[in-house]
Amino acid sequence: PKILKELEVSGRKTSHWIWWVCPTQLPGRADPISSYVTKDTAEELLASESAEKWREVLEKLCTLVKKQGTSVLPKVDHGRVHHFLRFWSRVPNKPEWMRDVLAALQKFDWQAR
């Protein structure tokens, strides 16, 4: 996916996609399709055919954050990550990869806006 390539080439987020990689119950302000996830749709998203690509992007993001810190994402996106962590930590029956992503990102200070 384009997002993964961006992270691999740039080593940070340079375009607009945080709402797709870190979905929460609220649509992103700049999201052109107003996507969001609910408690009822979270398990469907985890089981969807796009879940493996989503996993790859999240794991790459975690790798970059571990190496470079939260500046991998612009400050305007930190609140989104904060709410992503809150939402997904409450979702039952998460696969191990999602638990690992959450644990990795929770080690950093993502300030809510």
Side-chain angles (χ1 to χ4, degrees):
K2 289 169 67 174
I3 296 169
L4 184 58
K5 185 161 181 85
E6 175 183 314
L7 291 172
E8 291 172 343
V9 171
S10 301
R12 64 187 189 87
K13 179 180 175 276
T14 60
S15 62
H16 302 286
W17 47 255
I18 196 66
W19 52 87
W20 290 324
V21 174
C22 296
T24 69
Q25 291 176 300
L26 299 172
R29 281 186 240 148
D31 179 356
I33 61 170
S34 298
S35 55
Y36 62 95
V37 67
T38 67
K39 291 177 187 175
D40 296 330
T41 61
E43 286 189 45
E44 292 172 27
L45 179 57
L46 288 165
S48 72
E49 65 181 53
S50 62
E52 186 58 33
K53 290 179 183 176
W54 180 37
R55 173 186 178 171
E56 290 175 24
V57 171
L58 281 169
E59 289 175 345
K60 180 63 176 180
L61 183 60
C62 287
T63 298
L64 292 171
V65 169
K66 285 178 192 176
K67 289 180 182 176
Q68 302 172 41
T70 60
S71 64
V72 166
L73 296 175
K75 281 202 179 284
V76 69
D77 292 336
H78 290 197
R80 185 71 177 188
V81 176
H82 171 84
H83 292 291
F84 168 80
L85 294 170
R86 285 186 64 199
F87 175 84
W88 286 95
S89 66
R90 296 176 182 150
V91 171
N93 306 318
K94 292 180 288 295
E96 185 175 349
W97 70 263
M98 178 57 89
R99 290 191 304 270
D100 292 345
V101 163
L102 297 174
L105 293 175
Q106 286 171 337
K107 292 178 181 176
F108 295 87
D109 184 21
W110 303 98
Q111 301 214 354
R113 290 178 42 110

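Worth knowing before you read on, the calculation uses all heavy atoms, side chains too, and leaves out hydrogens, waters and symmetry mates.
Residues C22 and F84 share a closest heavy-atom pair of CA-CD1, 3.3 Å. The two residues L73 and D77 make their nearest non-hydrogen contact at CB-CB, 4.4 Å. Residues W97 and L46 approach most closely at CZ2-CD2, 3.9 Å, considering heavy atoms. Of all non-hydrogen atoms in A112 and H82, the two that sit nearest each other are CB-CD2, 3.3 Å. Contact record, H16 with K13: CA-NZ, 4.3 Å, taken as the closest heavy-atom pair. Across all non-hydrogen atoms, the minimal contact from S89 to K94 is O-NZ, 3.4 Å.
Atom NZ of K5 sits about 10.0 Å away from atom OG of S10, to the nearest 0.5 Å. Interatomic distance, OG1 of T70 versus CD of Q111, reported as 9.0 Å (0.5 Å rounding). Atom CD of E59 and atom CG of L4 lie 10.5 Å apart (nearest 0.5 Å). R90 contributes atom CZ, which lies 11.0 Å from atom CG of L85 (distance to the nearest 0.5 angstrom). Atom CD of residue Q25 and atom NE2 of residue H83 lie 11.0 Å apart, to the nearest 0.5 angstrom. With values rounded to the nearest 0.5 angstrom, L61 atom CG is found 6.0 Å from L105 atom CG.
Put simply, the side chain of T41 never gets that close to the backbone of E44: no donor and acceptor are under 3.5 Å apart. Using a distance-only test at 3.5 Å, with no hydrogens or angles considered, a donor-acceptor pair links the side chain of E6 to the main chain of S15.
Side-chain contact between L64 and R12 is absent, with no heavy atoms from C-beta onward closer than 4.5 Å. The shortest distance between side-chain heavy atoms of K53 and V57 does not fall below 4.5 Å. A heavy-atom distance below 4.5 Å is found between the side chains of L45 and W54. Considering only heavy atoms from C-beta on, W17 stays 4.5 Å or farther from K2 through its side chain. Here the side chains of T24 and R86 are not in contact, with every heavy-atom distance at 4.5 Å or above.
L26 and W110 are not part of a single hydrophobic cluster, where members link through side-chain heavy atoms under 4.5 Å apart.
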Inset, instruction - Might you work through the side-chain contact (heavy atoms from CB on, under 4.5 Å) test for D100 and E96, ending with a clear yes or no? - result: CA-CA 6 Å; D100 292 345; E96 185 175 349; 3.9 Å; yes
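For W20 and S35, the side-chain atoms include at least one donor-acceptor pair closer than 3.5 Å.
Other residues, nucleotides and ligands contribute only 12 or fewer heavy atoms inside 6.0 Å of the OH atom of Y36.
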